[in-house]
Trainee: 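Shown below is the structure under consideration.
The analysis underlying the following values was restricted to heavy atoms, covering all of them including side chains, and did not include hydrogens, waters or symmetry mates.
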There are 2 protein chains.
Amino acid sequence: MLCYSWNVNGIRSVARKDLLPWKVLPRADVICLQETKAQQHMLETSLGEPDGWHSHWHSAQKPGYSSVAIISRDAPDEVMHGIGDDTYDSEGRVIAARFGTLVVISAYFPNSRDGGARLDYKLAFCAQMESYLDHWRKRGFEVILQGDYNIAHNPIDLARPKENQKNAGYLPQERAWLTRFLALGYRDVFREKNPDLPGAYTWWTNWAGARGRNVGWRIDYSCVSPGLYDRVTEIRHCPEIMGSDHCPVAIEVR
Amino acid sequence: MLCYSWNVNGIRSVARKDLLPWKVLPRADVICLQETKAQQHMLETSLGEPDGWHSHWHSAQKPGYSSVAIISRDAPDEVMHGIGDDTYDSEGRVIAARFGTLVVISAYFPNSRDGGARLDYKLAFCAQMESYLDHWRKRGFEVILQGDYNIAHNPIDLARPKENQKNAGYLPQERAWLTRFLALGYRDVFREKNPDLPGAYTWWTNWAGARGRNVGWRIDYSCVSPGLYDRVTEIRHCPEIMGSDHCPVAIEVR
DNA sequence: CTTCTGAAG
DNA sequence: CTTCCGAAG
């Protein structure tokens with residue numbers, strides 16, 4: 001099963017550019033999208049229910065904000081919208097689809113914002129995410145938590161670690177949460193398979209040609225529950241796929 | 001003196017397209033602009049004070065709304081911002097520049113809006129405009145009232161008169177005001193010189209290729225005070241000039 | 001720098 | 001359909 005995650009920064013934006021995920025992501029079985037920036041009822045059918053795919057959306061109450069989706073070739077056996085707490089669910093940040101014993105989650109973690117204005121909210125979301133994953137695992141399922149974590153974990157995960165110590169996405173508290181999360185047994189597949197690979201980023205600011213100069217951050221992850229790690233057959237970034245300020249991440253499990 | 005009037009629908013928009021008025025309007029002495037949609041302090045100097053020109057702006061309080069300007073090769077002898085009533089002046093709708101005994105006015109009349117929601121405001125603006133013009137004429141000056149009147153006067157002035165009887169810009173009350181205004185002696189120079197010319201429009205909606213099919217309205221005028229009419233040497237529309245949903249209007253007086 | 005809404009035209 | 005704002009990233 002080949003499973004992509006992509007923060008599209010506006011599904012209508014990539015549609016305008018003729019770079020829709022289900023067109024440009026090769027051999028996809030499942031596509032996790034973040035920041036679709038649309039409530040499903042605002043989308044034309046061609047975007048909201050693409051032909052030949054099963055699609056499930058979880059949108060923010062606020063129009064044009066956040067919102068996630070899972071698009072799959074096969075119908076999921078179960079879909080869960082949100083994380084079970086309206087504080088987060090009103091912002092359309094999480095959707096999950098279960099295929100047999102495998103749960104694929106599309107998550108858009110909060111941005112902690114300038115001055116850490118939303119750091120507390122983000123850390124509370126992260127804590128809630130742990131119990132949410134427990135909920136699935138207690139039922140005997142393995143999980144892939146795919147999405148935009150809005151956290152660069154370690155210095156190797158961004159081009160300018162020193163300059164960003166006080167910036168949203170690289171604050172000590174968010175980095176510490178990710179460390180703790182992995183200590184629970186979840187596996188950051190990309191980094192484990194590429195422990196010393198620098199310059200492997202998934203997001204670049206739009207300013208000043210950052211992507212062309214590869215001045216970026218790795219903030220999009222495919223983390224898997226412990227029992228799933230040995231079933232991973234491939235993990236890669238797709239920086240060649242354009243259309244968003246993020247690039248897709250692909251994971252294949254057997 | 002060759003004097004243009006152009007509703008640019010955003011001065012920054014035409015700048016992006018490299019179609020700035022002082023670049024694309026040939027042999028201009030004076031350029032009246034409407035809907036510049038910027039407060040002067042929000043503009044780069046190259047837009048707000050173009051090199052080789054004298055520029056005067058009158059902006060709405062609300063950022064990005066309305067706003068007019070007069071750009072001229074020679075420095076005006078006098079500039080007047082607004083019409084003398086803050087009800088209208090807070091919306092940045094009128095600026096005047098006097099060159100000797102000739103007063104050139106750039107005016108952006110209110111849109112009467114769907115259902116005539118703002119018709120009363122517009123008619124009050126029109127009434128105020130009459131006294132404003134009197135003010136200049138009592139001082140012995142001739143006036144050119146150039147700009148976007150947001151009124152198509154007669155059936156010949158729009159492509160679909162029957163379909164638009166109840167639409168903003170062609171309501172009986174606004175048409176009646178323009179009739180009355182001309183009865184005061186002001187001269188609609190374009191129509192007087194081209195009394196039976198159909199299809200001479202200055203605005204086309206952006207929808208459905210209206211400009212390509214010339215489904216438009218004549219809502220931009222150069223009206224002159226009675227004593228000026230015999231000094232007019234040219235009047236024309238410039239539909240070849242792109243960059244806005246309006247085209248420029250040019251008048252030359254001797 | 002870019003995406004979006006919502007007001008406005 | 002397009003402009004602009006302001007929020008957001």
Trainee: For Gln173(B), give me all partners under side-chain contact (heavy atoms from CB on, under 4.5 Å), at least two apart in sequence or on another chain.
Mentor: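 Once residues adjacent in sequence are excluded, the partners of Gln173(B) under the side-chain contact (heavy atoms from CB on, under 4.5 Å) criterion are Leu119(B), Leu123(B), Leu171(B).
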Trainee: Within this structure, what is the CG-to-C1' distance between Asp245(B) and dA8(C), rounded to whole angstrom?
Mentor: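 Nearest whole value for this atom pair: 12 Å.
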Trainee: May I ask you to say what Lys17(B) touches in the nucleic acid, namely base, sugar-phosphate or nothing, with a heavy-atom cut-off under 4.0 Å?
Mentor: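 Sugar-phosphate contact only.
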Trainee: Over how many whole Å does the gap from Glu91(A) atom CD to dC4(C) atom P extend?
Mentor: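 It works out to 18 Å between those atoms.
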Trainee: Which nucleotide span of DNA chain D, 5' end to 3' end, has atoms closer than 4.0 Å to non-hydrogen atoms of chain B?
Mentor: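 From 5' to 3', the first and last contacting nucleotides are dC1(D) to dG6(D).
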Trainee: In whole Å, what is the span from the CD1 atom of Ile11(A) to the C1' atom of dT5(C)?
Mentor: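 Computing the Ile11(A):CD1 to dT5(C):C1' distance gives 18 Å.
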Trainee: Just to verify, what does Tyr186(A) make a side chain to side chain donor-acceptor pair (under 3.5 Å) with, not counting sequence neighbours?
Mentor: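 By the side chain to side chain donor-acceptor pair (under 3.5 Å) rule, Tyr186(A) matches Arg137(A).
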Trainee: How about Ser67(B) and Gln39(B): does a side-chain donor come under 3.5 Å of a side-chain acceptor?
Mentor: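 No - no donor-acceptor pair under 3.5 Å links their side chains.
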Trainee: With sequence neighbours left out, what residues match Tyr132(B) under side chain to side chain donor-acceptor pair (under 3.5 Å)?
Mentor: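 Tyr132(B) satisfies side chain to side chain donor-acceptor pair (under 3.5 Å) with Trp136(B) once adjacent residues are dropped.
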Trainee: Taking the nucleotide of DNA chain C with the closest heavy atom to each, which residue, Trp203(B) or Lys37(A), is nearer the 5' end?
Mentor: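 Checking each residue's closest nucleotide, the 5'-ward one belongs to Lys37(A).
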Trainee: Report the distance from atom CD of Gln39(A) to atom C1' of dT3(C), rounded to the nearest whole Å.
Mentor: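 About 15 Å, once rounded to whole Å.
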Trainee: Would you please name every residue forming a side-chain contact (heavy atoms from CB on, under 4.5 Å) with Ala200(A), sequence neighbours left out?
Mentor: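 Only Phe190(A), Leu197(A), His237(A) meet the side-chain contact (heavy atoms from CB on, under 4.5 Å) criterion with Ala200(A).
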Trainee: Salt bridge (charged side-chain N to carboxylate O under 4.0 Å, His left out): which pairs involve residues 154-169 of chain B, sequence neighbours left out?
Mentor: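 As it turns out, the salt bridge (charged side-chain N to carboxylate O under 4.0 Å, His left out) pairs with a partner in residues 154-169 of chain B, which skip direct neighbours, are Asp157(B)-Arg191(B), Asp157(B)-Arg218(B).
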Trainee: Measuring to OP1 and OP2 of dT3(C), would you say a side-chain N or O of Lys62(A) lies under 4.0 angstrom away?
Mentor: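 For dT3(C), neither OP1 nor OP2 has a side-chain N or O of Lys62(A) closer than 4.0 Å.
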Trainee: Whole Å only: how far is the CZ atom of Arg211(A) from the C1' atom of dT2(C)?
Mentor: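 From Arg211(A) CZ to dT2(C) C1': 13 Å.
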Trainee: Only Watson-Crick and G-U wobble pairs, only distances under 3.5 Å, only runs of 3 or more: what stems does that leave for DNA chain C?
Mentor: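 DNA chain C forms these stems: C:1-4 with D:6-9, C:6-9 with D:1-4.
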Trainee: Please tabulate, for the side chains in residues 13-23 of chain B, all donor-acceptor contacts under 3.5 angstrom to protein atoms that are two or more places apart in sequence or on a different chain.
Mentor:
residue	atom	partner	partner atom	Å
Ser13(B)	OG	Lys17(B)	NZ	3.0
Lys17(B)	NZ	Gly243(B)	O	2.8

Trainee: Which class fits the ring pair Tyr149(A) and Phe109(A): parallel under 30°, tilted 30 to 60°, perpendicular over 60°?
Mentor: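 Rings of Tyr149(A) and Phe109(A): parallel, as their planes differ by under 30°.
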Trainee: Whole Å only: how far is the CD atom of Glu35(A) from the C1' atom of dT5(C)?
Mentor: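 From Glu35(A) CD to dT5(C) C1': 15 Å.
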Trainee: Write out all pairs satisfying salt bridge (charged side-chain N to carboxylate O under 4.0 Å, His left out) with one or both partners inside residues 105-127 of chain A, taking only residues at least two apart or from two chains.
Mentor: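 For residues 105-127 of chain A: Glu91(A)-Arg118(A), Lys122(A)-Glu174(A).
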Trainee: Send over the distance from Asn167(B) CG to dA8(C) P, rounded to a whole Å.
Mentor: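 So the two atoms are 18 Å apart, to the nearest Å.
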Trainee: Determine whether a donor-acceptor pair (N or O, by modelled atom type, separation under 3.5 Å) exists between the side chain of Thr202(B) and the backbone of Asp220(B).
Mentor: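 Present.
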Trainee: So if I take residues 109-118 of chain B and measure heavy-atom distances to DNA chain C, which residues fall below 4.0 Å?
Mentor: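 Residues of residues 109-118 of chain B under 4.0 Å from DNA chain C: Asn111(B), Arg113(B).
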Trainee: Please report the distance, rounded to the nearest Å, between CG in Asn7(B) and C1' in dA8(C).
Mentor: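 Distance, rounded to whole Å: 12 Å.
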Trainee: Among residues at least two apart in sequence or on other chains, which ones pass side-chain contact (heavy atoms from CB on, under 4.5 Å) with Ser90(A)?
Mentor: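 Ser90(A): side-chain contact (heavy atoms from CB on, under 4.5 Å) contacts with Gln61(A), Asp86(A).
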Trainee: Mapping Met42(A) and Asn206(B) to their closest nucleotides on DNA chain C, which lands nearer the 5' end?
Mentor: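 Upstream on the strand: Met42(A).
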Trainee: Partners of Glu49(B) by salt bridge (Lys or Arg N to Asp or Glu O under 4.0 Å), sequence neighbours excluded?
Mentor: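 Testing Glu49(B) for salt bridge (Lys or Arg N to Asp or Glu O under 4.0 Å), a comparison that skips the adjacent residues, returns none.
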